[in-house]
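First listed ligand is number 1; within each ligand, the first listed atom is number 1.
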Amino acid sequence: MDQTNPIKAAADWLAQAESIAVLTGAGISQESGVPTFRGTDGLWKGLSFSDLASPEGFAEKPRRVWEWYNWRREVLRGVEPNPGHEALAKLERSKGFCGIITQNVDRLHQTAGSQNVIELHGSIWETLCTGCERRFDKTGEALPEEPTCEVCGERLRPAVVWFGETLPTGAMETALAWTQQCDLFIVAGTSNVVYPAGSLAFAAKQAGKTVIEINWDETPATDSVDISLRGKTGEILPQLLGTSALS
Ligand code: BJW
Ligand code: ZN
């Protein structure tokens with residue numbers, strides 16, 4: 001491994017790996033124009049997202065929570081996948097691949113062409129009825145200020161995972177299985193502070209896998225990974241593929 005050139009070293013790992021799993025977070029969509037949660041653009045009208053992404057926040061002020069989600073849906077209607085998403089889709093096509101484990105609810109990986117995607121935190125494009133628990137696909141639609149169920153009339157909520165809620169059935173189990181099966185684990189554009197997703201880089205390391213982090217900042221996982229590449233995911237991921245024997 002070339003210690004003096006971490007990009008080259010990471011590209012070498014990529015070229016050698018027979019199967020790869022990737023954990024992504026909000027940072028991978030940042031260059032598409034999607035705001036991240038933490039950091040300078042992590043607030044919305046002065047509210048912390050934990051006021052907005054929690055069952056308590058929704059119970060207290062459902063209209064306010066829907067205002068935030070409707071605003072985010074509108075932002076997402078105007079964005080496209082960026083070279084980071086595209087590089088991962090290309091990786092899936094070009095070699096043995098476990099898949100992408102994403103915390104994002106924006107579906108940009110799928111739009112870029114990735115097929116093996118676990119949505120740990122659900123999808124912003126689906127709604128869930130708080131009464132009859134039916135799910136509705138509302139992809140791309142503009143929703144009313146406080147949408148209600150067309151079957152039972154109860155309040156709809158975004159079909160995403162809020163703090164204190166359990167992840168979709170089987171999602172974490174499959175994600176953990178991928179960390180065990182892959183021989184390279186990439187963790188890209190996540191602050192690694194939200195659990196259980198934040199445990200995956202450590203689980204991969206513990207299972208003896210090579211772990212590469214891509215982030216423009218340090219995270220709690222940085223000191224534990226094999227290679228930490230500091231920069232934009234939309235630049236580094238295409239660079240890695242371009243430098244590896246894959247391309
Ligand atoms: C770039 C970049 C560029 C930017 N290039 N880099 C164990 C220990 C402690 C706490 C817990 C624990 N287990 C569970 C908990 C509680 C809680 C938790 O984790 N709390 C911590 C915050 C303390 N977890 C939960 O409640 C989870 N449920 C659960 O565990 O159920 C079991 C259970 C239930 C009940 C009791 C006990 C157990 C659920 C977590 C759900 C999180 N939901 C949200 C909202 C989703 C819906 C929506 O989108 O609205 O998920 S919160 C928010 O954070 C969202 C994200 O997916 C998630 C992670 O954020 P992410 O993706 O990392 O984004 P950022 O903004 O934080 O970071 C971006 C990063 O990219 C930064 O590092 C930048 O530097 C970087 N970056 N642009 C490169 N261009
Ligand atoms: Zn209903």
Side-chain angles (χ1 to χ4, degrees), residues 23-44 47-58 65-66 68-73 75-76 82-85 87 101-108 118-136 147-169 171-172 186-202 213-222 228-239:
L23 171 70
T24 65
I28 196 153
S29 296
Q30 186 273 338
E31 288 156 82
S32 291
V34 183
T36 61
F37 291 94
R38 296 160 188 86
T40 48
D41 57 357
L43 286 176
W44 182 78
L47 293 162
S48 122
F49 65 86
S50 52
D51 296 325
L52 301 158
S54 70
E56 295 78 17
F58 188 65
V65 171
W66 263 117
W68 185 52
Y69 278 93
N70 276 336
W71 168 72
R72 288 174 59 198
R73 287 168 61 98
V75 169
L76 286 171
N82 66 57
H85 298 106
I101 305 157
T102 190
Q103 297 166 82
N104 300 344
V105 297
D106 56 30
R107 292 246 161 107
L108 286 173
I118 301 174
E119 292 175 321
L120 286 181
H121 295 162
S123 168
I124 199 168
W125 297 119
E126 287 181 15
T127 60
L128 176 65
C129 177
T130 57
C132 68
E133 296 186 357
R134 281 185 176 81
R135 276 172 186 271
F136 300 95
T148 50
C149 177
E150 57 216 54
V151 178
C152 76
E154 289 295 322
R155 194 188 299 288
L156 292 177
R157 57 164 282 179
V160 299
V161 182
W162 286 328
F163 285 113
E165 295 185 321
T166 51
L167 272 53
T169 312
M172 198 57 197
I186 300 176
V187 47
T190 173
S191 55
N192 275 307
V193 297
V194 171
Y195 277 72
S199 66
L200 287 169
F202 299 100
E213 178 177 63
I214 307 171
N215 198 305
W216 67 23
D217 216 343
E218 282 186 12
T219 79
T222 303
S228 181
L229 301 173
R230 206 58 54 74
K232 294 184 175 182
T233 48
E235 291 173 3
I236 292 181
L237 280 165
Q239 216 178 329

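At a threshold of 4.5 Å between non-hydrogen side-chain atoms, the residues Leu200 and Leu120 count as touching. No side-chain heavy atom of Pro147 sits less than 4.5 Å from a side-chain heavy atom of Thr127. Looking at Trp162 and Val65, their side chains come closer than 4.5 Å, going by heavy atoms from C-beta outward. In this structure, the side chains of Arg73 and Pro158 stay at 4.5 Å or more apart for every pair of heavy atoms. Using a 4.5 Å heavy-atom cutoff, the side chains of Pro35 and Phe49 are not in contact. With contacts defined as side-chain heavy-atom distances shorter than 4.5 Å, the pair Ile214/Leu237 qualifies. Within the 4.5 Å cutoff, no side-chain heavy atoms of His121 are placed close to those of Val160. Side-chain atoms of Trp68 and Asp51, non-hydrogen and from C-beta on, never get closer than 4.5 Å to each other.
The option from Ala197, Gly231, Gly27 that lies nearest to atom 3 (C) of ligand 1, judged by heavy atoms, is Gly27. Comparing Tyr69, Phe37, Trp162, Phe163 against atom 20 (N) of ligand 1, the shortest heavy-atom distance belongs to Phe163. Summarising the contacts of atom 46 (C) of ligand 1 with Val160, Val161, Val65, Leu229, the nearest heavy atom is found in Val161.
There is no protein heavy atom less than 4.0 angstrom from atom 16 (C) of ligand 1. Shown here, atom 9 (C) of ligand 1 is out of close reach of the protein: none of its heavy atoms lies under 4.0 Å off. In this structure, atom 38 (C) of ligand 1 has its sub-4.0 angstrom surroundings free of protein heavy atoms. Checking atom 33 (C) of ligand 1 against the protein gives no heavy-atom contact under 4.0 Å.
Listed by number with element, the atoms of ligand 1 under 4.0 angstrom from any heavy atom of Ala26 are 61 (P), 62 (O), 64 (O). Close contacts of ligand 1 with Gly25, meaning ligand atoms under 4.0 Å from a residue heavy atom, involve 62 (O). Ligand-side atoms of ligand 1 in range of Asp217: 75 (O), range being under 4.0 angstrom from any heavy atom. Every atom of ligand 1 is numbered from 1 in the order shown, and the set under 4.0 Å from a heavy atom of Val193 is 21 (C), 22 (C). Residue-ligand proximity, Thr190 to ligand 1, at heavy-atom distances under 4.0 Å covers atoms 61 (P), 63 (O), 70 (C), 71 (O), 73 (O). Close approach of ligand 1 to Gly164 (heavy-atom distance below 4.0 Å) involves ligand atoms 25 (C), 26 (O), 34 (C), 35 (C). Interface of Glu165 with ligand 1, defined as ligand atoms under 4.0 Å from a residue heavy atom, comprises 27 (C), 28 (N), 29 (C), 31 (O), 39 (C). Atom numbering of ligand 1 starts at 1 in the shown order; those under 4.0 Å from a heavy atom of Lys232 are 5 (N), 79 (C).
Not one N or O of Ile214 is nearer than 3.5 Å to an N or O of ligand 1, by distance alone. Considering backbone and side-chain atoms together, Gln30 places an N or O closer than 3.5 Å to an N or O of ligand 1.
Note that SG of Cys149 is 12.5 Å distant from CZ of Arg155, once rounded to the nearest 0.5 Å. Atoms CD and CD, from Glu218 and Glu213 in turn, are 8.5 Å apart once rounded to the nearest 0.5 Å.
The shortest contact between atom 73 (O) of ligand 1 and any protein heavy atom is with Asn215 ND2, 2.9 Å. Protein heavy atom closest to atom 58 (C) of ligand 1, with residue, atom name and distance, is Val194 CG2, 3.8 Å. Annotation: atom 6 (N) of ligand 1 to nearest protein heavy atom, Trp216 N, 3.2 Å. If you check which protein heavy atom lies closest to atom 59 (C) of ligand 1, you get Gln103 OE1, 3.3 Å. Protein heavy atom closest to atom 51 (O) of ligand 1, with residue, atom name and distance, is His121 ND1, 3.1 Å. Here the protein heavy atom with the shortest distance to atom 5 (N) of ligand 1 is Thr233 N, 3.1 Å. Looking from atom 18 (C) of ligand 1 to the surrounding protein, the closest heavy atom is Tyr195 N, 3.8 Å.
Partner of Glu126 under the salt bridge (charged side-chain N to carboxylate O under 4.0 Å, His left out) criterion, chosen from Arg135, Arg157, Arg134: Arg135. Leu23 pairs in a side-chain contact (heavy atoms from CB on, under 4.5 Å) with only one of the listed residues (Asn192, Thr102, Ile118), which is Asn192.
For Cys129 atom SG and Cys152 atom SG, the angle they make at the Zn ion (ligand 2) is roughly 90°, to 10 degrees. Expressed to the nearest 10°, the angle at the Zn ion (ligand 2) joining SG in Cys132 with SG in Cys149 is 110°.
Using a distance-only test at 3.5 Å, with no hydrogens or angles considered, a donor-acceptor pair links the side chain of Thr222 to the main chain of Thr219. Asn82 places a side-chain N or O within donor-acceptor distance of the main-chain N or O of Ile28, the cut-off being under 3.5 Å.
The shortest separation from a heavy atom of Arg72 to ligand 1 is under 4.0 Å, placing the residue in contact.
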Quiz item: Going through the distances and angles, do Thr130 and Phe58 end up as a side chain to side chain contact (heavy atoms under 4.5 Å, CB included)?
Solution: CA-CA 11 Å; Thr130 57; Phe58 188 65; 4.3 Å; yes
Practice problem: For the pair Leu108 and Ser32, evaluate side chain to side chain contact (heavy atoms under 4.5 Å, CB included) and give the outcome as yes or no after the intermediate values. | Solution: CA-CA 9 Å; Leu108 286 173; Ser32 291; 4.1 Å; yes
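Heavy atoms from both the backbone and the side chain of Arg38 come within less than 4.0 Å of ligand 1. At a heavy-atom cutoff of 4.0 Å, ligand 1 is contacted by the side chain of Val105 but not by its backbone.
Annotation: Arg230, atom CZ; neighbour count of heavy atoms from other residues, nucleotides and ligands within 6.0 Å is above 12.
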